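What you see is a predicted model, and the numbers here were worked out from it, not measured in a lab. Note that the numbering runs from 1 along the sequence shown for the chain. Note that these values count all heavy atoms, side chains included, but never hydrogens, waters or copies made by symmetry.
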Amino acid sequence: MDPLIIRTHFEVDYIHSYKQDTPFFHGLAKRKLLGSHCPKCSYTFATPRTRCMYCGGATEWFELPSEGRVHSWTVCYYAGQEFMKDVPFTLVLVGFDGVNTLFLSRLIGVERADMRIGMRIKSKFRRKATWSVRDVYFVPAQDFS
Ligand SMILES: [Zn+2]
């Protein structure tokens with residue numbers, strides 16, 4: 001017996017708020033990558049956080065360096081529907097000097113064979129903001145060291 005397949009049309013406008021993370025996305029639109037810093041214990045996050053995960057203190061925004069290093073990477077050969085047209089693509093965990101956590105982003109412009117842990121990369125921003133984390137991506141820093 002063949003499986004029963006039913007087609008149902010489904011469409012919805014999904015409206016959501018970035019709430020406390022809103023400054024992060026405004027930062028991307030201004031070509032700034034913002035992290036969060038805890039003034040109480042000095043822990044720094046490469047991601048938006050309103051509260052420190054160590055001491056619970058309120059965090060403050062700061063601008064991350066434009067350059068970082070590849071901490072780890074993977075090549076994605078499968079993705080959700082929105083990104084299937086882009087496969088394969090490279091995801092990197094970016095480490096920044098003086099920052100305690102990593103930032104997940106795309107790396108563009110490096111062949112898989114040329115990927116290296118520790119390679120220097122720099123942030124780039126879309127010209128027109130889409131108000132998503134895709135507004136920032138990384139490319140190799142010029143000297144590859
Ligand atoms: Zn803290």
Side-chain angles (χ1 to χ4, degrees), residues 6-145:
I6 301 169
R7 177 181 298 254
T8 303
H9 179 74
F10 184 79
E11 188 174 317
V12 63
D13 289 326
Y14 182 69
I15 300 171
H16 65 279
S17 169
Y18 286 130
K19 202 173 176 187
Q20 70 276 1
D21 295 341
T22 295
F24 174 81
F25 292 96
H26 279 288
L28 296 182
K30 295 174 187 170
R31 300 173 181 267
K32 294 180 180 178
L33 187 56
L34 298 179
S36 29
H37 167 257
C38 176
K40 192 172 168 187
C41 75
S42 298
Y43 204 85
T44 52
F45 304 89
T47 53
R49 290 194 71 91
T50 55
R51 290 281 170 182
C52 176
M53 65 187 223
Y54 288 102
C55 74
T59 60
E60 298 173 348
W61 296 103
F62 75 100
E63 188 172 348
L64 289 161
S66 60
E67 280 195 22
R69 290 187 182 271
V70 172
H71 177 83
S72 181
W73 59 276
T74 189
V75 177
C76 296
Y77 292 93
Y78 188 80
Q81 184 178 5
E82 185 177 352
F83 305 109
M84 276 305 287
K85 65 184 182 323
D86 301 333
V87 297
F89 58 84
T90 303
L91 288 179
V92 289
L93 280 171
V94 185
F96 298 97
D97 288 344
V99 179
N100 300 111
T101 66
L102 305 168
F103 184 78
L104 179 66
S105 190
R106 275 202 195 181
L107 179 66
I108 294 174
V110 182
E111 295 298 321
R112 184 176 179 180
D114 297 326
M115 287 297 304
R116 300 286 181 269
I117 299 296
M119 71 185 297
R120 292 175 53 203
I121 55 178
K122 64 182 178 183
S123 57
K124 295 288 240 180
F125 300 88
R126 285 187 178 201
R127 288 193 184 129
K128 184 171 172 135
T130 63
W131 307 110
S132 77
V133 291
R134 290 171 291 149
D135 289 347
V136 63
Y137 59 94
F138 284 77
V139 297
Q142 288 197 332
D143 61 3
F144 281 87
S145 59

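For K85, the NZ atom counts as densely surrounded, since its 6.0 Å shell holds more than 12 non-hydrogen atoms of other residues, nucleotides or ligands.
For R31 and F125, the positive end is not near the middle of the six-membered ring at less than 6.0 Å and at most 45° from its axis.
Nearest heavy atom pair, residue F138 against residue F96, reads CZ-CZ, 3.9 Å. Between F83 and R106 the shortest heavy-atom distance is CD2-NH2, 3.3 Å. The two residues T47 and F103 make their nearest non-hydrogen contact at CG2-CD1, 4.2 Å. Counting all heavy atoms, side chain and backbone alike, I117 lies closest to H71 at CD1-O, 3.5 Å. Here the closest non-hydrogen pair linking L64 and V99 is CD2-CG2, 3.7 Å. Closest of all the heavy-atom pairs between V92 and L107 is CG1-CB, 3.7 Å.
Put simply, the side chain of H9 does not reach to within 4.5 Å of the side chain of R7, judged on heavy atoms. At least one side-chain heavy atom of L28 sits less than 4.5 Å from a side-chain heavy atom of L33. P88 is not listed as a side-chain neighbour of C76, based on a closest heavy-atom distance of 4.5 Å or more.
Judged by distance alone, the side chain of S36 and the main-chain N or O of W61 form no donor-acceptor pair under 3.5 Å. Side-chain atoms of D135 do not come within 3.5 Å of backbone N or O of A129 as any donor-acceptor pair. Listed for the S72 side chain is no donor-acceptor partner under 3.5 Å among the backbone atoms of L93. T59 places no side-chain N or O within 3.5 Å of a backbone atom of C38 that could act as its donor or acceptor partner. No side-chain donor-acceptor contact under 3.5 Å links Y18 to the backbone of P23.
Using a 30° and 60° split on the angle between ring planes, H37 and F62 fall in the perpendicular class, above 60°. Between F45 and Y43, the angle of the ring planes lies from 30° to 60°, which puts this pair in the tilted group.
In terms of the side-chain hydrogen bond (donor to acceptor under 3.5 Å, both in side chains) criterion, E63 has no residue partners (sequence neighbours excluded). Among residues two or more places apart in sequence or in another chain, the salt bridge (charged side-chain N to carboxylate O under 4.0 Å, His left out) test is passed with E60 by none. For R134, the salt bridge (charged side-chain N to carboxylate O under 4.0 Å, His left out) partners are E82, not counting sequence neighbours.
Side-chain rings of F24 and H26 stay apart, their centers remaining 6.0 Å or farther from each other.
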Report task. Just do the side-chain contact (heavy atoms from CB on, under 4.5 Å) check on V70 and I121 with the steps written out, would you? Result -> CA-CA 7 Å; V70 172; I121 55 178; 3.8 Å; yes

Requested in this report: List the steps, then state whether side-chain contact (heavy atoms from CB on, under 4.5 Å) holds for V110 with M119.
Outcome: CA-CA 11 Å; V110 182; M119 71 185 297; 4.1 Å; yes

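D21 and R49 are not joined by a salt bridge, as no carboxylate oxygen comes within less than 4.0 angstrom of a charged side-chain nitrogen.
Screening K124, R120, K122 for a salt bridge (Lys or Arg N to Asp or Glu O under 4.0 Å) involving E67 leaves a single residue, R120.
We find the CZ-OG1 distance between F25 and T130 to be 9.0 Å, quoted to the nearest 0.5 Å.
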